[in-house]
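Let me begin by presenting the structure, written as structure tokens, before commenting on it.
Just so we're on the same page: letters track the sequence lines, and every chain starts at 1.
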Protein chains: 2
Amino acid sequence: MTSQAADGPDTVAASRRSKITPEREREFFDAVLEQIRECGYDSVTMEGVAASTRCSKSTLYRQWKTKPQFVAAALRANRRVRFAGIDTGSLAGDLRRAALAAGDWSGKDTRLLQALGHAVTADQELARALREALVDPEIAALEEMLARGVARGEVRAGHPALEYIPAMMFGVLRVRPVLSGQYADSDYLVRFVEAAVLPALGLT
Amino acid sequence: MTSQAADGPDTVAASRRSKITPEREREFFDAVLEQIRECGYDSVTMEGVAASTRCSKSTLYRQWKTKPQFVAAALRANRRVRFAGIDTGSLAGDLRRAALAAGDWSGKDTRLLQALGHAVTADQELARALREALVDPEIAALEEMLARGVARGEVRAGHPALEYIPAMMFGVLRVRPVLSGQYADSDYLVRFVEAAVLPALGLT
DNA sequence: GTGTACCGATACGCTTGAGTACCGGTACAC
DNA sequence: GTGTACCGGTACTCAAGCGTATCGGTACAC
């Protein structure tokens, strides 16, 4: 692959030519996100990221002006929909599949959200990046599932439980570690869907 | 009130006599918790707490060896069961009342949990204090409600949704700000109980 | 080959905050 | 009254981390 491939916005500024390949950039992003998960946002240091990727602090500061901007870029680059493309034909099936998929990412995503939890209230850009990367796409995907279920007539439009489903799914995901000390795995989430989410929607 | 009233454990060490009254101590604790809610654990400074309570850093360090120990003491002193003593005679009634009560504390408690979210993984004592203050008592109270409901025959023992109720309640509480930008108030929580929790339990 | 300019390394300035030391003032004990 | 010792204030040491500056090495362009 050529060296000038795929410079999107949010990555290296297109105007100045950098020798940082997209792969190298991803190493930086992966490193900083991993350190955030492990030590928390405040405890992550640019020096630590530089050391763990065997680059120099200068290199990082050449690409991103400040630490929050760097982290925000890493978050945005990490954006991806964990349960995109799920469409089993039934709402119950979709929700089960979503639970399954969510379980795979649960630990990493939850730790990241937890670690950024408060940093986000101080920096607007960070907050936006976090929502774009880890929250909004999932919510949108979930709501699409629900909308399809309504369209198919599985749940009547305006069912009171509908508006709470995303909060339930996300909520259980996030508080499991607080309550029981372990992250929500796929098995736990699928059982949750069957024991609570589907009954709440009247889908047995 | 006499000046030597009520020195529990977890407050000023009983062995050395301090002129800090319990009321004064509570001022310190309230101040540090409030600053944590506003700025996050890492950004809270002993100097800031001292300034806001018009005492000196020395005074704080005389009573508590380090910042985490100080915060842990504040948390433990703040322990109280938000929905203790609820017993309406029916599980549905209890859950509605719990939702009502939880809504009153939602903002403060959620911000505190959020702000301490990651500090807790670094300091065991802090983690224990947080659980003792904000998590365990609530869970216990909820489980007691559920147990009473089972004993009364409103829900059959072993109902699959039972084990998820605490996670649902706490989860929705905590993620509301992330999803919608506002804290879960009593109204939101009561409607959640009626739209999702009770149906999940088969209580209409 | 020659030059440009980017990379990595190191060293530095600067700020912030934890925790300590010291010093007068004063409240309470007796 | 006298003394003890605790409070509040200030000044300090020390460590850490952000962000900057500088400098050789080197890859790539031409």
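The distance from atom CH2 of B:W64 to atom P of C:dA18 is 15 Å, rounded to the nearest whole Å. Put simply, CZ on A:R54 is 9 Å from P on C:dA9, counting in whole angstrom units. Here C:dC7 presents its P atom at 14 Å from CD of A:E27, a figure rounded to the nearest Å. Here the C1' atom of nucleotide C:dG19 and the CD atom of B:Q69 are 13 Å apart, to the nearest Å. For B:L60 and C:dG17, the CG to P distance is 15 Å, given to the nearest whole Å. Rounded to an integer number of Å, the gap from CD1 of B:I20 to P of D:dA5 is 17 Å. At whole-Å resolution of the value, CD in A:E25 and C1' in C:dC6 are 15 Å apart.
Summarising the geometry, atom CG belonging to B:L173 is positioned 12.0 Å from atom CE belonging to B:M168; distances are rounded to the nearest 0.5 Å.
Geometrically, B:R176 does not engage B:Y183 in a cation-pi contact, judged by NZ or CZ lying under 6.0 Å from the ring centre and within 45° of the ring axis. Seen from the ring of A:Y41, A:K67 counts as a face-on cation partner, given the 6.0 Å and 45° thresholds.
Here B:K19 lies in heavy-atom contact (under 4.0 Å) with a base.
Listed in residue order, the members of residues 30-51 of chain A having a heavy atom less than 4.0 Å from DNA chain C come to none.
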Verdict with reasoning, B:D87 to B:R97, per salt bridge (charged side-chain N to carboxylate O under 4.0 Å, His left out): CA-CA 9 Å; B:D87 191 355; B:R97 281 283 296 277; over 6 Å; no
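A donor-acceptor contact under 3.5 angstrom links the side-chain atoms of A:R62 to the base of C:dG8.
For C:dC6, neither phosphate oxygen OP1 nor OP2 lies less than 4.0 angstrom from any side-chain nitrogen or oxygen of A:Q63. Proximity of B:R24 to the phosphate of D:dC6: no side-chain N or O atom is located under 4.0 Å from OP1 or OP2.
With respect to the salt-bridge test (charged N to carboxylate O, under 4.0 angstrom), the residues A:R191 and B:E163 qualify. Using a 4.0 Å cut-off between a side-chain N of Lys or Arg and a carboxylate O of Asp or Glu, A:E132 and A:R128 do not qualify as a salt bridge.
The number of heavy-atom neighbours closer than 6.0 Å to CD of B:E38, taken from other residues, nucleotides and ligands shown, is above 12.
In this structure, C:dT4 forms a base pair with D:dA27, meeting either the Watson-Crick or the G-U wobble geometry with both donor-acceptor distances under 3.5 Å.
Using the six-membered ring where Trp is involved, A:F29 and A:W64 have ring planes that are tilted, between 30° and 60° apart.
Nearest-nucleotide mapping onto DNA chain C: of A:C55 and B:T66, the residue sitting toward the 5' end is A:C55.
Of the candidate nucleotides D:dG19, C:dC7, C:dG19, D:dG19 has the atom lying nearest to any side-chain atom of A:Y61.
Checked by atom type, the side-chain pair A:R76/A:N78 shows no donor-acceptor distance below 3.5 Å.
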Pick out the pairs of N or O atoms, protein on one side and nucleotides 10-14 of chain C on the other, that lie under 3.5 Å.
none

